[in-house]
Amino acid sequence: MICLGIESTAHTFGVGIVEDDKVLANVKDVYVPKKGGIHPREAADHHYDIAKEIVTKALETAKIKLEDVDVVAFSAGPGLPPCLKIGATVARYLALRLNIPCMPTNHCIGHIEIGKLMTGAKDPVTLYVSGGNTQVIAFTEGRYRVFGETQDQGIGNVMDHFAREAGLQHPGGPKIEALAKNGKWIELPYVVKGMDVSFSGILTNAIQKLKTEKLEDLCYSLQETCFAMLIETSERALAHTDKTEVLLTGGVAANSRLKDMLDIMCKERGAKLFAVPREFAGDCGAQIAVAGLIMHKAGAKSEDTKINRFWRTDDVEIPYI
Ligand code: ATP
Ligand code: FE2
């Protein structure tokens with residue numbers, strides 16, 4: 001069975017095509033703001049302009065015709081409404097034209113399912129770290145439950161914001177990682193509240209310290225502090241659920257220091273770390289195609305194709321585990 005999945009929650013317009021558990025195509029184009037953060041309407045305009053080209057390229061890459069597609073999936077949330085609406089509209093159009101089901105798919109569950117498929121993880125605690133999202137997720141009793149999450153911003157946005165203040169170019173994460181290699185430790189606030197984390201105080205403090213401290217030291221300390229908070233909450237989720245696998249995904253999963261810190265924690269606990277390959281760690285159409293097809297095969301309903309900007313990971317009943 002062939003599924004065409006459309007991702008359009010934020011910067012990325014992506015189309016993935018999967019045949020059962022084989023990825024045939026994963027094509028995307030990313031909107032880059034001229035300056036500052038993402039402008040939702042400009043991002044939506046980008047998605048609208050590029051949609052036809054990306055769908056066509058994905059079909060060419062997969063070496064299939066549009067008529068070969070059995071089900072269409074799209075990211076229905078969480079995300080920026082103007083962007084979500086473009087993906088939903090393209091998906092509805094294709095499904096109507098082909099007279100096939102149109103599966104609304106949760107973006108975060110997409111990250112988990114493509115992560116499991118690509119790494120072979122079976123039942124992991126997932127650390128999902130991207131620009132807009134930071135969550136520790138694990139499956140229990142019929143749903144992917146959020147065990148801990150950011151109370152304010154996503155870790156990637158924190159890195160990008162700090163980098164902007166320091167005069168570094170977007171995206172800030174990779175630049176901070178490079179500068180951190182020559183940095184040394186400065187104390188920054190460490191904020192874990194129960195199982196949740198909060199970054200806004202750390203970000204404010206780090207920006208203030210730009211006036212007095214070396215940039216390399218701040219990059220190093222920002223990484224060490226924020227990542228340690230994520231390791232602490234992931235470790236507690238592992239202990240609570242008795243699981244033995246950790247899945248690292250999202251754009252920030254590209255960070256080697258985060259991977260190393262998680263790996264140390266996993267080894268100490270006798271758990272195994274699975275890191276999603278870079279191509280599939282950031283937002284992409286394949287994550288939606290994979291998760292949408294699994295939901296479709298499990299008999300999930302596909303009539304309601306409204307978007308839901310706040311659609312939470314733990315709102316979704318998982319019929320296939
Ligand atoms: P989402 O919609 O899930 O929130 P997103 O739109 O932020 O995702 P992603 O591609 O998942 O997109 O993640 C982008 C983020 O990843 C950016 O904030 C970027 O700075 C960060 N990032 C990329 N590489 C690194 C790195 N090496 N170290 C730290 N952060 C990184
Ligand atoms: Fe994402």
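As the structure lists them, so they are numbered: ligands from 1, and atoms in each ligand from 1.
- The hydrophobic cluster containing V192 also contains V252, counting ILVMFWY residues as joined when their side-chain heavy atoms lie under 4.5 angstrom apart, directly or transitively.
- Here the straight-line distance linking atom CD of E113 with atom CG of L293 works out to 11.0 Å at 0.5 Å rounding.
- In terms of polar-atom proximity, G250 is not counted as a contact of ligand 1, lacking any N or O under 3.5 Å from an N or O of the ligand.
- In this structure R278 satisfies the side chain to side chain contact (heavy atoms under 4.5 Å, CB included) test together with A254, sequence neighbours excluded.
- In terms of protein heavy-atom proximity, atom 15 (C) of ligand 1 is closest to G131 N, 3.8 Å.
- Residue-to-ligand polar distances keep P171 apart from ligand 1: every N/O pair is separated by 3.5 Å or more.
- If you look at D160 next to ligand 1, the close heavy atoms, those under 4.0 Å, all belong to the side chain.
- Between the side chains of S200 and Q153, not a single donor N or O lies within less than 3.5 Å of an accepting N or O.
- Contacts of T9 with ligand 1, taken as heavy-atom pairs under 4.0 Å, involve the side chain alone.
- Nearest non-hydrogen protein atom to atom 21 (C) of ligand 1 is V252 CG2, 3.8 Å.
- With ligand atoms numbered from 1 in the order given, ligand 1 contributes 4 (O), 7 (O) to contacts under 4.0 Å with heavy atoms of G132.
- Among protein heavy atoms, atom 28 (N) of ligand 1 sits closest to N255 ND2, 3.0 Å.
- Residue, atom and distance of the protein heavy atom nearest to atom 13 (O) of ligand 1 are G251 CA, 3.3 Å.
- Between the side chain of K243 and the backbone N or O of F139 there is at least one donor-acceptor pair closer than 3.5 Å.
- Those atoms of ligand 1 with a heavy atom of H107 less than 4.0 angstrom away are 2 (O), 3 (O).
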Solution key, residues 176-188 side-chain donor-acceptor pairs under 3.5 Å, sequence neighbours excluded:
{"from": "E177", "atom 1": "OE2", "to": "S256", "atom 2": "N", "distance (Å)": "2.7"}
{"from": "E177", "atom 1": "OE2", "to": "S256", "atom 2": "OG", "distance (Å)": "3.3"}
{"from": "K184", "atom 1": "NZ", "to": "D217", "atom 2": "OD2", "distance (Å)": "3.2"}

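- When every heavy atom of T119 is checked against every heavy atom of A275, the shortest pair comes out as CG2-O, 3.6 Å.
- Taking every heavy atom of G156 and a limit of under 4.0 angstrom, the matching atoms of ligand 1 come to 18 (O).
- Atoms of ligand 1 lying under 4.0 Å from any heavy atom of H111, numbered from 1 in the order shown and given with element: 3 (O).
- Looking at S130, G110, C108, it is S130 that brings a heavy atom closest to atom 4 (O) of ligand 1.
- Note: the hydrophobic cluster containing L218 does not contain Y220 (ILVMFWY, side chain heavy atoms under 4.5 Å, direct or indirect links).
- Here I112 contributes atom CD1 and T313 contributes atom OG1; the two are 6.0 Å apart, rounded to the nearest 0.5 Å.
- In this structure, G173 and D160 approach most closely via the heavy-atom pair N-OD1, 3.5 Å.
- By the 30° and 60° cut-offs, the orientation of the rings of H47 relative to F13 is tilted.
- Considering backbone and side-chain atoms together, A10 places no N or O closer than 3.5 Å to any N or O of ligand 1.
- The side-chain hydrogen bond (donor to acceptor under 3.5 Å, both in side chains) search around Y31 returns E42, not counting sequence neighbours.
- Within the listing of ligand 1, atoms 6 (O) sit less than 4.0 angstrom from a heavy atom of H11.
- Side chains of N205 and K209: a donor on one and an acceptor on the other come within 3.5 Å.
- Protein N/O/S atoms closer than 2.8 Å to the Fe ion (ligand 2): H107 NE2, H111 NE2, Y128 OH, D283 OD1.
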### Message
Could you go through K28 and E279, starting from their C-alpha distance and side-chain angles, then the distance that decides it, and tell me whether this counts as salt bridge (charged side-chain N to carboxylate O under 4.0 Å, His left out)?
### Response
CA-CA 10 Å; K28 62 177 160 183; E279 184 194 348; over 6 Å; no
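- Contact annotation for E177 and ligand 1: only side-chain heavy atoms (C-beta onward) come within less than 4.0 Å of the ligand.
- Below 3.5 Å of separation, one finds an N or O of G173 facing an N or O of ligand 1.
- No hydrogens or angles considered: nothing links the side chains of T233 and E235 as a donor-acceptor pair under 3.5 Å.
- Under the 4.0 Å criterion applied to side-chain N and carboxylate O atoms, R143 and E317 are assigned as salt-bridge partners.
- At under 3.5 Å, not a single nitrogen or oxygen of G282, backbone or side chain, sits near a nitrogen or oxygen of ligand 1.
- Side-chain contact annotation: N133 with H107, donor-acceptor N/O pair under 3.5 Å absent.
- Under a 4.0 Å criterion applied to the non-hydrogen atoms of N133, ligand 1 contributes the atoms 1 (P), 3 (O), 4 (O).
- Atoms of ligand 1 found under 4.0 Å from any heavy atom of Y128, numbered from 1 in the order shown, are 1 (P), 3 (O).
- Of the candidates C83, P174, S75, P174 brings a heavy atom nearest to atom 25 (C) of ligand 1.
- Protein heavy atom nearest atom 8 (O) of ligand 1, with residue, atom name and distance: D283 OD2, 3.1 Å.
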